[in-house]
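Read through the structure below, which is laid out as structure tokens, and then see the notes.
Read the numbers this way: they start at 1 and go in the same order the structure lists the ligands and their atoms. No hydrogens, no waters, no symmetry mates; every other heavy atom, side chains included, goes into these values.
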Amino acid sequence: MTSFWHPFADMHAVETNGSTTLVRGEGAYVIDDTGRRYLDATASLWYCNVGWGRAEIADAVAAQMRELPAYSAFGDLTNRPAEALAERVSSLAPVEGSKVFLTSGGSDSIDTATKMARRYWQLRAEPDRTVLIRREKAYHGMHTAGTSLAGIPANAAGHGELIEDVTEVPWDDAGALRAAIEDDGPGRVAAFFCEPVIGAGGVFPPPPGYLEAARTVCREFGVLFVADEVITGFGRTGDWFASTRFGLDPDIVTCAKGITSGYLPMGGVIASPWVAEPFWADGAGLWRHGYTYSGHASVAAAALANLDIMEREGLCERALKLEAPLLDALLPLAEHELVEEVRGGVGLLAAVNLRQDLVADEPSLPAQVGMACREAGMLVRPLVGGAIAVSPPLVIGDEEIAEIARAFTAGLNAVAAR
Ligand SMILES: Cc1ncc(COP(=O)(O)O)c(C=O)c1O
């Protein structure tokens, strides 16, 4: 019996079937309390970009904790690691001169971005711009704003109406985005939320030209383009940000995960200079928004040490170099009798999608394959729609890529044989 209520879990099943306790990590591997090693093919929840066991992050945090673990940054108070991190993130950001609002995670960042977008239009004297546009398949975290922006229906169900004025568009059609803006009324739309590569909705890289066309539509109607880079930021797609790779010039970027590689929880909202301007202007007054741990000194120290490693080891370039080998290794799985297709090809992000007919007959099939992969020594993550995600730490090499394909094949074969 446990008192720990797991996130995103069927607790009856966890209590009935038991759980796996992880105790240590090394590079691209994690080890459980029986000593079993698993290849971490998902970098935990898409976040451990620098891999496990980085003592230098622990040392940086310990040193900061001895000095000043944390102090509120409300109002005029600040601390050195938060200042240094904001400068560093701003220098890496897709838009020069951006300002960085620090949070405790991706959902915080999305909540902040929705409020920033709506308030921006108030400050710009267009208060009717309140509509937020989401895409089908979207995942923007599980706070109230993110739940309202969920394009995965099951993730929004059962909570009643949360925030109002949200419109959904297809995930892959910039023409439909234009039609939706025209339909809502161009003077009503505040912002369009967009994952450059859809993650939790099944790992869908953008159709060629889609992101650029959606960006153009937003610019035409003055709608803020919010790139949700919680997964794609900090190297995952082969650049510091996918927005840079796709030349999106976003108005707002949300990030989290890879900023610390998950060694401590942190997120951020990167506001382009033109979005920040009315908030920073003389007479704008106090923005009554922020979190107890915004600019947490020890977490910022972890982030700085993480970014040092990313830069020193060239992990963005490594992700770019390995994107084709990862996809090439997974593509043969598309021939497996349980598999419908393999998606990937933008950075170290891929999914093996099981056949829809089989998943409709047996909804537990993705979980079964996930478990069978675990038995074969690899952690993967089943997503909605029968997709199984692969997003390894950016430190993997050719041998681990081959191992991912081998363990996947073993897992699929074990389930097919039942
Ligand atoms: C695109 C995207 N946005 C937001 C979030 C929410 O982040 P968090 O779980 O850190 O709150 C996630 C989490 O996976 C995500 O993938």
| field | Candidate pair Asp228 and Arg134, rule salt bridge (Lys or Arg N to Asp or Glu O under 4.0 Å), full reasoning | value | CA-CA 11 Å; Asp228 183 354; Arg134 68 171 187 235; over 6 Å; no
| Ring centroid separation for His336 and Phe408, is it under 6.0 angstrom? |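 No, the ring centres sit 6.0 Å or more apart.
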| Phe225/Phe193 aromatic ring centres below 6.0 Å |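 For Phe225 and Phe193, the ring centres are not under 6.0 Å apart.
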| Looking at Arg119, Gln122, Arg118, which hits side chain to side chain contact (heavy atoms under 4.5 Å, CB included) with Pro127? |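 Only match with Pro127 under side chain to side chain contact (heavy atoms under 4.5 Å, CB included): Gln122.
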I need the atoms of ligand 1 closer than 4.0 Å to a non-hydrogen atom of [X], numbered in the order shown.
X      : value
His140 : 3 (N), 4 (C)
Glu195 : 1 (C)
Ile231 : 16 (O)

| Do Thr130 and Asp165 get their side chains close enough for a donor-acceptor pair, meaning under 3.5 Å? |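 Yes, Asp165 and Thr130 have a side-chain donor paired with an acceptor closer than 3.5 Å.
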| Thr260 side chain to Tyr263 side chain, donor-acceptor N/O pair below 3.5 angstrom |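 No, because no side-chain N or O of Thr260 sits under 3.5 Å from a partner of the opposite role on Tyr263.
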Identity and distance of the protein heavy atom lying nearest [atom]:
atom                    : result
atom 14 (O) of ligand 1 : Lys257 NZ, 3.0 Å
atom 9 (O) of ligand 1  : Ser107 OG, 4.2 Å
atom 3 (N) of ligand 1  : Asp228 OD2, 2.7 Å
atom 7 (O) of ligand 1  : Gly106 CA, 3.2 Å

| query | Can Leu45 be said to touch ligand 1, with heavy atoms closer than 4.0 Å? | reply |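 It does not, in that no heavy atom of Leu45 comes within the 4.0 Å cut-off of ligand 1.
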